[in-house]
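First the structure, in the form of structure tokens, and then the observations on it.
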Amino acid sequence: MSRLMEAKQKTRNGNHAIVIGSGMAGLLSARILTEHFERITVVERDRLPQQPEIRQGVPQANHVHALLTQGYRILEEWFPGIEEKLIAAGAPCVNWAMESCFFHAWGCAKRSSSDLITRTCSRPFLEWVVRGYLSSDRQVEFLSATQVKGLLTDASNSRVTGIKIFVGKLPKVENQTKLPD
């Protein structure tokens with residue numbers, strides 16, 4: 001067994017992880033952390049909407065987004081049934097090799113059917129669907145409209161042990177938590 005594997009096995013994760021931010025990176029981090037921690041708290045500065053809508057803290061939400069095939073496959077693996085939710089919402093199916101034009105030095109490549117198929121939707125909608133899956137998981141808690149103001153560390157300043165947050169106007173400290181690496 002390698003030294004790295006031995007070190008990983010000796011590392012104690014604790015039982016609570018905190019994810020700062022509930023964009024796609026934060027949501028997917030929270031999903032993975034459900035396999036390693038008893039509790040996951042996702043802290044989000046914005047008010048989390050009840051329906052898909054653009055949030056102030058996601059300035060790129062208005063930009064065009066494309067979920068590529070491998071990302072789509074991973075979402076389907078981590079969130080079983082997500083394709084049915086996207087279909088029910090009217091998310092169109094795209095066969096990228098057939099329905100896109102790829103330009104190269106000799107012009108447009110010949111179009112042909114392939115397994116590069118995904119469903120397309122807006123980023124706010126996809127975040128909303130993924131957040132819905134995580135919200136139904138008893139391990140995951142969302143703190144909406146909550147701002148992280150700092151990290152708490154151990155006496156040697158070598159390990160994060162918690163976060164300082166502001167909820168509304170009152171400061172609150174979440175102790176004995178661990179942030180994901």
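The figures here come from the full heavy-atom set of this structure, side chains too, leaving out hydrogens, waters and symmetry mates.
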- request: Might you point out which heavy atoms bring Glu44 and Asp46 nearest each other, and give the distance in Å?
  value: OE2-N, 2.9 Å
Check against side chain to side chain contact (heavy atoms under 4.5 Å, CB included), Tyr72 and Val94: CA-CA 12 Å; Tyr72 184 68; Val94 177; over 6 Å; no
- prompt: Are more than 12 heavy atoms from other residues, nucleotides or ligands located less than 6.0 Å from atom CD of Gln70?
  reply: yes
query: Linking I/L/V/M/F/W/Y whenever their side-chain heavy atoms sit closer than 4.5 Å, directly or via other members, would Phe142 and Val130 fall into one cluster?
result: yes
task: Is it possible for you to say whether Ile32 and Leu28 belong to one hydrophobic cluster, with membership spreading through side-chain heavy-atom contacts below 4.5 Å?
output: yes
- request: Determine yes or no for a side-chain-to-main-chain donor-acceptor pair under 3.5 angstrom, with Arg31 supplying the side chain and Trp78 the backbone.
  value: yes
field: Min side-chain heavy-atom separation Arg55-Pro49 under 4.5 Å
entry: yes
- prompt: Is there a donor-acceptor pair under 3.5 Å between the side chain of Thr146 and the backbone N or O of Val43?
  reply: no
statement: Minimal heavy-atom distance between Thr161 and Asp154, with the atoms involved, is CG2-N, 3.8 Å
query: Is Arg119 reaching over with its side chain to a backbone N or O of Ala91, donor-acceptor style, under 3.5 angstrom?
result: yes
message: Around atom CD of Gln56, are there more than 12 heavy atoms from other residues, nucleotides or ligands closer than 6.0 Å?
response: no
message: Just verifying a value: how many Å separate Ile18 CD1 and Leu33 CG, rounded to the nearest 0.5 Å?
response: 11.0 Å
- prompt: More than 12 heavy atoms of other residues, nucleotides or ligands under 6.0 Å from CZ of Arg45: is that the case?
  reply: no
query: Which is it for Leu126 and Leu75 under the side chain to side chain contact (heavy atoms under 4.5 Å, CB included) test, yes or no, and what are the steps along the way?
result: CA-CA 10 Å; Leu126 186 60; Leu75 287 179; 4.1 Å; yes
- line: Correct closest heavy-atom pair for Thr34 and Val140 would be CG2-CG2, 3.7 Å
message: How close do Lys85 and Phe125 get, counting heavy atoms only, and between which atoms?
response: O-CZ, 4.5 Å
field: Same apolar cluster (I L V M F W Y, side chains within < 4.5 Å links), Leu134/Ile74
entry: yes
- prompt: Hey, mind stepping through Val19 and Leu27 against side chain to side chain contact (heavy atoms under 4.5 Å, CB included) and telling me if it holds?
  reply: CA-CA 8 Å; Val19 176; Leu27 294 172; over 6 Å; no
- request: For Glu53 and Trp128, run side chain to side chain contact (heavy atoms under 4.5 Å, CB included): C-alpha distance rounded to whole Å, both residues' side-chain angles, the deciding distance at 0.1 Å, then the answer.
  value: CA-CA 8 Å; Glu53 65 183 54; Trp128 180 74; over 6 Å; no
Closest heavy-atom pair and its distance - Val42, Gly21: CG1-O, 3.6 Å
query: side-chain hydrogen bond (donor to acceptor under 3.5 Å, both in side chains): which pairs involve residues 92-113, sequence neighbours left out?
result: Asn95-Ser113, Trp96-Thr118
task: Would you check if the side chain of Ser135 reaches a backbone N or O of Tyr133 as a donor-acceptor pair within less than 3.5 Å?
output: no
- prompt: How long is the span from the CZ atom in Arg131 to the CD atom in Gln50, to the nearest 0.5 Å?
  reply: 8.5 Å
query: Taking the side chain from Glu76 and the backbone from Gly81, do they hold a donor-acceptor pair closer than 3.5 Å?
result: yes
task: Would you check if the side chain of Gln139 reaches a backbone N or O of Phe37 as a donor-acceptor pair within less than 3.5 Å?
output: yes
query: Are Leu48 and Phe79 in one and the same hydrophobic cluster, where Ile, Leu, Val, Met, Phe, Trp and Tyr link if side-chain heavy atoms are under 4.5 Å apart?
result: yes
message: Could you list the cluster mates of Ile117? Members are the ILVMFWY residues connected by side-chain heavy atoms closer than 4.5 Å, either directly or through other members.
response: none
